[in-house]
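Note sheet for the following structure.
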Amino acid sequence: MPATNTQKKAWVITGPTSGIGYRTALALGDHGTVVLVGRNQDKLTGVKKEIEARGGSAITVVADMSDIVRVRAAAAEIIGLGLPISGVLNNAGILPAKPGKNKQGWELGFATNHLGPLAFTDVLVPSLADGTNIVFIASAVEDPERKIAVQAGFRGSRYISAEAAARGEYLAGGSAHAGADGYATSKQGALASVFSLAREFPRLRFRAVEPGVNPGSNLARDMPRPLYLMGKALAPVMAFMPYYSTPRRAAKVITTVLTDPSDATGIYYDEKGNPMQASKQVSDPAYADRYIAESRDLLATVPTAS
Ligand SMILES: NC(=O)c1ccc[n+]([C@@H]2O[C@H](COP(=O)([O-])OP(=O)(O)OC[C@H]3O[C@@H](n4cnc5c(N)ncnc54)[C@H](OP(=O)(O)O)[C@@H]3O)[C@@H](O)[C@H]2O)c1
């Protein structure tokens with residue numbers, strides 16, 4: 001049952017309809033009103049009903065997080081609700097195995113995993129109260145020196161520029177696996193956002209979480225079916241391996257980081273909730289700031305709907 005003092009708090013979460021986000025949305029129901037942002041109204045309504053059945057309250061906002069025009073409108077809609085927002089969780093993400101484009105003609109993974117969340121955050125920020133927590137779900141595959149990711153075929157972020165990433169172009173010498181360079185590059189955007197925005201807005205708290213390898217979620221849904229199903233079947237056993245987790249466990253860590261009232265900002269947490277190191281690349285302030293500046297230049301080419 002939610003405690004009474006949580007009634008004055010609201011938590012915004014993107015991608016609450018599956019995997020890690022679904023479990024986190026349910027957990028956030030114990031901390032106040034949950035604003036569920038997703039692309040499918042029926043799925044959102046299902047999660048809302050579950051939260052309400054547990055004694056919580058939730059509001060749904062439909063938005064395709066890859067569509068910059070819709071993302072900005074959704075953020076404006078959320079501000080218009082006038083809720084006392086205590087935290088924003090940028091969780092929605094995809095691992096596309098095949099090339100795809102968003103409404104603006106940009107690479108779908110880069111738009112969904114990085115440009116959309118950045119545009120969403122940039123619209124929300126001016127209306128957020130001092131001390132609000134903004135959490136981005138990152139992925140350690142952005143680090144070319146992360147052994148477990150290299151063993152899985154990743155070669156780290158292959159970022160050249162935001163324009164190049166939006167065209168699906170990456171540094172040479174990347175992964176042999178379809179979608180791996182795009183995913184690692186786009187997820188580095190979550191860390192660039194946290195590190196850069198933490199410097200830009202010291203009155204707010206920006207945090208990143210690496211949720212652990214979660215074969216129990218649906219992130220690998222675009223992978224070859226047998227591989228995806230095998231991961232799902234082995235998920236309960238794999239959960240005990242180093243760096244692995246389950247959506248339920250990841251949700252616990254993320255909820256703790258999102259609701260933490262301390263001043264911690266610009267921090268990256270691992271699957272157990274302990275601070276961890278990002279790649280050398282994105283740990284360099286000049287690099288992270290360039291990643292965000294270039295992303296904003298690109299976003300500025302999309303007119304805001306009147
Ligand atoms: N699973 C892992 O091993 C792992 C590891 C590191 C980081 N992560 C990150 O964790 C986050 C959650 O992923 P997950 O593993 O829980 O995957 P998931 O089960 O596939 O859930 C992804 C969520 O994002 C939503 N989503 C995808 N594209 C969207 C769009 N264009 N607009 C709005 N919502 C969209 C999905 O909505 P629908 O239900 O409508 O599809 C779903 O709610 C992602 O950011 C992912 O990169 C995952």
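Ligands are counted one by one from 1 in listed order, and the atoms in each one are counted from 1 as well.
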### Message
Tell me the closest heavy-atom pair linking Ala278 and Phe195, and the distance in Å.
### Response
CB-CE1, 3.7 Å
### Closest protein heavy atom to atom 22 (C) of ligand 1, given as residue, atom name and distance to 0.1 Å
Gly93 O, 3.7 Å
### Message
Side chain or backbone, does Leu219 bring an N or O within less than 3.5 Å of an N or O on ligand 1?
### Response
yes
### Query
Between Arg39, Glu210, Glu142, Arg221, which one has a non-hydrogen atom sitting closest to atom 40 (O) of ligand 1?
Arg39
### Task
Tell me which protein heavy atom sits closest to atom 3 (O) of ligand 1, plus the residue, atom name and distance to 0.1 Å.
Asn214 N, 2.7 Å
### Task
Measure the distance from atom 18 (P) of ligand 1 to every protein heavy atom, then report the residue, atom name and distance (to 0.1 Å) of the closest one.
Ser18 OG, 3.5 Å
### Message
So, regarding Ile137 and ligand 1 (criterion: nitrogen or oxygen to nitrogen or oxygen, under 3.5 Å), is there a contact or not?
### Response
no
### Task
Just need the protein heavy atom nearest to atom 44 (C) of ligand 1, so name the residue and atom and give the distance.
Asn91 O, 3.1 Å
### Message
With heavy-atom distances below 4.0 Å as the criterion, list the atoms of ligand 1 near Ser66.
### Response
31 (N)
#### Entry: Euclidean distance, Ile148 CD1 relative to Met241 CE, rounded to 0.5 Å
6.5 Å
### Distance filter under 4.0 Å to Ile94 heavy atoms, resulting ligand 1 atoms
27 (C), 28 (N)
### Query
Identify the closest protein heavy atom to atom 16 (O) of ligand 1: which residue and atom is it, and at what distance?
Ile20 N, 2.8 Å
### Task
Taking all heavy atoms of Ala76 and all of Val123, pick out the closest pair and write down the distance.
N-CG1, 4.1 Å
### Message
Is it true that, when you exclude Gln41 itself, more than 12 heavy atoms of the residues, nucleotides or ligands shown sit nearer than 6.0 Å to its CD?
### Response
yes
### Task
Considering only non-hydrogen protein atoms, determine which one is nearest to atom 39 (O) of ligand 1 and report residue, atom name and distance to 0.1 Å.
Thr17 OG1, 2.7 Å
### Message
Need the ligand 1 atom indices (1-based, order shown) with element for anything under 4.0 Å from a heavy-atom of Lys43.
### Response
38 (P), 39 (O), 40 (O), 41 (O)
### Query
Taking the non-hydrogen atoms of Ala220, is any one of them nearer than 4.0 angstrom to ligand 1?
no
### Query
Quick check, are the ring centers of Tyr291 and Tyr159 under 6.0 angstrom apart?
yes
### Query
To the nearest 0.5 Å, how far apart are NE2 in His114 and CG in Leu298?
8.5 Å
### Task
Output the distance between atom CZ (Phe136) and atom OG1 (Thr14), rounded to the nearest 0.5 Å.
9.0 Å
### Query
Is the backbone of Gly273 close enough, under 3.5 Å, to the side chain of Asp270 for a donor and an acceptor to pair up by distance?
yes
### Task
Out of Asp64, Asn218, Val213, Asn102, indicate the one that has the non-hydrogen atom closest to atom 31 (N) of ligand 1.
Asp64
### Message
Testing the basics here: between Ala178 and Ala97, what is the closest heavy-atom pair and its distance to 0.1 Å?
### Response
CB-O, 3.4 Å
### Query
Is there a side-chain contact between Tyr183 and Val141, using heavy atoms and a 4.5 Å cut-off?
yes
### Message
For atom 15 (O) of ligand 1, which of the options Ser217, Ala63, Gly19, Pro211 provides the nearest non-hydrogen atom?
### Response
Ser217
## Note on the structure
The protein heavy atom nearest to atom 30 (C) of ligand 1 is Met65 N, 3.6 Å
### Task
Measure the shortest side-chain to side-chain distance between Leu171 and Arg155 over non-hydrogen atoms and say whether it is less than 4.5 angstrom.
no
#### Entry: Any N or O of Asn40 closer than 3.5 Å to N or O of ligand 1
no
#### Entry: Distance (rounded to the nearest 0.5 Å) between Arg221 CZ and Leu229 CG
13.5 Å
### Query
Is the closest heavy atom of Tyr183 to ligand 1 under 4.0 Å?
yes
### Task
Kindly identify the option in Ala92, Gly21, Ala138 whose heavy atom sits closest to atom 7 (C) of ligand 1.
Ala138
### Query
How far is atom 25 (C) of ligand 1 from its nearest protein heavy atom, and which residue and atom is that?
Gly15 CA, 3.8 Å
